[in-house]
Amino acid sequence: MMELPVGVIGAGPVGLAAAANLVARGLAVKVYEAGAAAGTNISDWGHVRLFSPWAYNVDPAARSLLEKAGWRAPDEAVYPTGADLVSRYLAPLAQSPALAPVIEYGARVKAIGRRGIDKVVSRDRELHPFQLTIVDSDGRVRRELVRAVIDASGTWTSPNPLGAGGVAADGEETFRGRIAYSIPDVLGRDRDSYAGRTTVVVGAGHSAANVLLDLAELATDQAGTRAIWLTRGSNLSRVYGGGANDQLAARGDLGQRLRQLVETGRIELVTRFAVTAVREVSGQLALDGETPDGLRTVGPIDQVVVCTGQRPDLALTRELRVELDPWLESAKALGPMIDPNLHSCGSVPPHGHRELSHPEPGFYTVGIKSYGRAPTFLMLTGYEQARSVVAAIAGDMAAADNVQLVLPETGVCTSAPESAGGCCGGPAPSDADACCVDDASAKAQGKSGCGCSSSAKTSEAVQVQ
């Protein structure tokens, strides 16, 4: 067992950070990457600029490996795009002398189990090495043994559906060709799909914000381009953010620019709309959905962009003893810390190998997959997760338990469910006809409100019926 490598699934930022920490401790490692290069999933949204600067995006152990190879770090104050992150950090790291020999590309891990026993067997379970079932780029299947597994495979390839109930809406599969589930490059390679057309963006997170901002920019020089923002809830404090109070200035600016576009009518907002069906009407699309006022329709529209988050692929660990939060599908111990039903803080208490482990000894979930369906994950969190987990695998429990994590605050934190109030800047004064502090302030200045609970805007071309 001790002669076998530690298997790391995924050559993204957190997977490579885990590999760098393993190398630093002199432990054998094998990295399995399903894509053709490091950071394949990030390359899908390479046009998007991160709201965290380089200072938050480079792992310490990875930096050490890179500097030994002559790497020059980017300016820590600069905000990279996804493409920058890959070309200036992940690619050089994967090509470094320490990591290049241990990474296999085009290797998709389809299942994880224990050699010779199934999930039911308890006796001497920890003495059986893990067995990975791997499918290579040519479709050939093989099995390899590892002593421990760090699953950093992420959730990018498992997007949540358009349907509000967690399953595909009626017609969603039929019209998949006009539905995007990522962050399309509206101003670049995907421009022709959105220019001069009406697009509905579904979701209330930062991915949706990026798409909406790009569509608004496209509309300034391409007549007929329209953006409708459709959300299931009405509390938009998480995406609008804390503005100047956000310790990540770019994140705060993102939300404030989006709010301004909504308030000025350049983006049409439809809240509390749960999509149940997609159908075609005279060559265009229409979305049916449940609202507090009953069944309604948004349309006609041309394109749909679904930014409702991702979910972990649980099939991978079917033969392992994993313990997940019942609804987030995160590592169980993390659930209460990150549950969006309870709070919207951008920070999370420090956590490491103990919170990321499972009843299956030697198996750990790290990175965004450890959060399951919860949002607000930052790479800095994943880097500290990887460091702690590797220290535990190495037997250095003092280092593994010494978890230190300080994340930049969002400036917005609600500690109660949406229905209990709490929004932009906190609860409104008791004598104000407003939903929050920002709403009260906006109305005092003669505005309609802060926008976090705005009613839907309608027009002749886009109708809510």
Side-chain angles (χ1 to χ4, degrees), residues 9-10 12-15 41 112 149-168 181 202-208 231-233 235-239 274-275 306-318 320-360 363-386 388-389 403 405 407 410 412-420 422:
I9 305 175
V14 180
N41 290 341
I112 312 170
V149 177
I150 301 175
D151 183 2
S153 57
T155 59
W156 183 251
T157 57
S158 302
N160 289 326
L162 173 63
V167 296
Y181 294 88
V202 184
H206 294 106
S207 294
T231 68
R232 296 169 181 169
N235 185 343
L236 304 179
S237 61
R238 184 179 293 110
V239 64
V275 177
V306 182
C307 296
T308 54
Q310 293 83 31
R311 61 182 64 176
D313 177 10
L314 302 182
L316 186 66
T317 55
R318 180 69 181 271
L320 295 184
R321 296 178 174 183
V322 296
E323 193 170 31
L324 304 175
D325 182 89
W327 49 90
L328 293 182
E329 297 175 343
S330 66
K332 186 175 182 180
L334 282 183
M337 305 179 189
I338 60 178
D339 190 345
N341 293 298
L342 302 177
H343 61 77
S344 59
C345 297
S347 59
V348 61
H351 60 276
H353 72 105
R354 296 190 186 279
E355 292 82 5
L356 302 168
S357 62
H358 294 270
E360 190 71 64
F363 175 75
Y364 301 89
T365 311
V366 299
I368 196 168
K369 191 171 185 178
S370 70
Y371 270 41
R373 301 185 183 210
T376 68
F377 181 83
L378 292 177
M379 273 187 283
L380 203 61
T381 301
Y383 294 157
E384 182 62 3
Q385 288 179 341
S388 173
V389 165
V403 180
L405 180 66
L407 298 177
T410 63
V412 174
C413 183
T414 58
S415 57
E418 182 174 306
S419 60

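Hydrogens, waters and symmetry mates are skipped; everything else that's a heavy atom, side chains included, is used.
Applying the salt bridge (Lys or Arg N to Asp or Glu O under 4.0 Å) rule to pairs touching residues 327-336 yields E323-K332, E329-R373, sequence neighbours excluded. Each salt bridge (Lys or Arg N to Asp or Glu O under 4.0 Å) pair with one or both residues in residues 350-359, not counting sequence neighbours, appears once here: R354-D401.
Nearest heavy-atom pair across P359 and V322 is CD-C, 4.1 Å. Looking at every heavy atom in both residues, T381 comes nearest to H351 through CG2-CE1, 3.6 Å.
Scored by the side-chain hydrogen bond (donor to acceptor under 3.5 Å, both in side chains) test, T365 finds H358 as partners (sequence neighbours excluded). E360 pairs by the salt bridge (charged side-chain N to carboxylate O under 4.0 Å, His left out) definition with R114, R125, not counting sequence neighbours. Remark: R318 engages no residue in a salt bridge (charged side-chain N to carboxylate O under 4.0 Å, His left out) (not counting sequence neighbours). Looking at residues two or more places apart in sequence or on another chain, you find a side chain to side chain contact (heavy atoms under 4.5 Å, CB included) between A168 and E172, E173.
Here the side chain of D325 pairs no donor or acceptor atom with the backbone of A331 at under 3.5 angstrom. Looking at T308, its side chain never comes within 3.5 Å of a backbone N or O of G203 through a donor-acceptor pair.
Here the side chains of K369 and S153 are in contact, with some heavy-atom distance below 4.5 Å. Contact check for D151 versus L316: side-chain heavy atoms found under the 4.5 Å cut-off.
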